[in-house]
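Below is one structure; the comments refer to it alone.
Each chain gets a letter, A, B and so on, in the order the sequences are listed, and its residues count up from 1. Heavy-atom basis, side chains included; hydrogens, waters and symmetry copies ignored. Everything quoted here is computed from the prediction, not taken from an experiment.
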There are 2 protein chains.
Amino acid sequence: MVQRQATSLRRRGPRPLSQRQRRILEFIDTFAEDKGYAPSIRDIVKGCSISSTSVVDYNLRILEREGHLRRDAEVSRGIVRLGQQRRDKLAVPLMGQIAAGQPIPVPAADTWSSLGSVETMEVPRELARGHSDAFALRVKGTSMIDALINDGDIVLMQAAQSASDGDMVAVWLKDEQEVTLKKIFYEGNRVRLQPANSQMQPIYTRPENVEVQGKVLGVIRQM
Amino acid sequence: MVQRQATSLRRRGPRPLSQRQRRILEFIDTFAEDKGYAPSIRDIVKGCSISSTSVVDYNLRILEREGHLRRDAEVSRGIVRLGQQRRDKLAVPLMGQIAAGQPIPVPAADTWSSLGSVETMEVPRELARGHSDAFALRVKGTSMIDALINDGDIVLMQAAQSASDGDMVAVWLKDEQEVTLKKIFYEGNRVRLQPANSQMQPIYTRPENVEVQGKVLGVIRQM
DNA sequence: TGTCACCGAGAACGCTCGTTCTAGCACATT
DNA sequence: AATGTGCTAGAACGAGCGTTCTCGGTGACA
């Protein structure tokens, strides 16, 4: 098991977690979500393919010292996860607005993971369907109305440079200088952009003119 | 300990809990909230001033049978409380479908509080805006498309018999024998039903023809 | 008066589980 | 080469804990 970390990094600040420690944390979460109570140390042994309880105990001490969980001594299943939002909600950054006249502001990896000051909102976990790097945008204007998206709606997005046929995507149309949300279909030497509203007509354009900016995971509208 | 119940009452239906059983349930909740994990049977013995673990076991069996909690056999602290929502997420019952041809199935108070088998989904608490008796419906068909609601969308509803001007409501149109989602405006001797889509025309009808069935709190669409 | 369902008490059995002790390997430091 | 640190392994101890068995008491019903 080669997962050693440079010692120099450990001297100062909170230490990065080893792969095994991250695995344990993740297992504790999924176990608790699944069963409704915390795993025992031997549950973790089995769930993470570890050979001994002492290894788990050792790593749990570290995780407790680093503030990721709390343990009550001598208490079965006394592990309590700390500092994480509720299991069935996903906190996504609300990046700003999406309007017809400008590209969408894609989060630059470190923009909000280090700097935690961006507004976030919680969405049902089912909406994101496993995409943990999702982000949200508030729609400005009614230019997306043929995609059944109104002024003020919130779209849950995932950054992407390409898409598959039928995906609902945010595309930047270079000629028109605007973004729009449409279902995308690649048809040989042209691209069909199909509104979600069946009563509306699709847009046909050249492949060079479209630039996929992200996939739409869902829409939330508050009345 | 005088807490005996009339035997005749026990024969049918869900039995009322004894004082001791209510005490145990309450203790489980406060313990879990306080510590972050479920109490052991001996914790309950101490916390409820009971003299034996078998008494707790006996009552826990009853509580499990009555659906107040779930127990995993042979698992320490394997008690999981059921039927109570967490504080900062909102679990709403997914009542079924809403289609144009039929009224919405309003939850009849006891329909899902006793019978716990209905599907539930979790929504962002902001969406419900304080309405804790909200419920959800899956939209069937594209008849609501002028309200920017598509086939498969989920609408978060609150039962209501009346509405204020500008509310987005589900109304049952008696003459047309269908439900639709519109913004409602009372204009003297007529009612204006305005689609959310500004490109669509409003419907005007007689007040007697409309029957408000619920307010729309929000819309969730999953791609 | 006897039977039965309901309920509580006490004790013992045996698995569950946290803890701890010893040992060993890899790598860095001195 | 000697020492220290980070980490993994295996095993055993002992307390925690769910389960179950026996015994007793109370009230309802016939």
Separation of atom CG in B/L60 from atom C1' in D/dT20, rounded to whole Å: 15 Å
B/S51 vs B/S76, nearer the 5' end of DNA chain C by closest nucleotide: B/S51
B/R221 side chain vs A/L148 backbone, donor-acceptor pair below 3.5 Å: yes
Value in whole Å for how far the C1' atom of C/dC6 lies from CZ of B/R65: 11 Å
B/R77 CZ to D/dG16 C1', straight-line distance once rounded to whole Å: 8 Å
Candidate nucleotides C/dT19, C/dG8, D/dG18, ranked by approach to the side chain of B/R20 - the nearest: C/dG8
Atom pair distance, as rounded to whole Å: CD1 in B/I41 and C1' in C/dA9: 15 Å
Spacing between A/D72 atom CG and C/dG18 atom C1', to the nearest angstrom: 12 Å
Atom-to-atom span, OH of B/Y58 to P of D/dG24 - whole angstrom: 19 Å
Under-3.5 Å donor-acceptor pair between A/R42 side chain and C/dG18 base: yes
Presence of salt bridge, A/D43 and A/K35, under 4.0 angstrom: no
Short side-chain to backbone donor-acceptor contact, A/Q177 and A/K174, under 3.5 Å: yes
Side-chain N,O (A/R71) to OP1/OP2 (C/dT19) below 4.0 Å: yes
A/R192 bridged to A/D165 by N-O distance under 4.0 Å: no
Nearest-angstrom distance from the residue atom CD1 of A/I50 to P of C/dG18: 13 Å
Exceeds 12 heavy-atom contacts within 6.0 angstrom, atom CD of B/E26: no
Please list every donor-acceptor pair under 3.5 Å in which a side-chain atom of residues 44-53 of chain B meets a protein atom from a residue at least two apart or in another chain.
unit_1 : atom_1 : unit_2 : atom_2 : d
B/S52  : OG     : B/S54  : N      : 3.2
B/S52  : OG     : B/S54  : OG     : 3.0

Below 3.5 Å is the cut-off: list the nitrogen or oxygen pairs between protein and nucleotides 20-25 of chain C, distance only.
unit_1 : atom_1 : unit_2 : atom_2 : d
C/dT20 : OP2    : A/R61  : NH2    : 3.2

Residue-phosphate contact under 4.0 Å: A/N59 side-chain N/O, D/dT8 OP1/OP2: yes
Whole-Å distance separating the CG atom of B/D43 from the C1' atom of D/dC17: 10 Å
Ionic contact status for A/D153 with A/R138, cut-off 4.0 Å: no
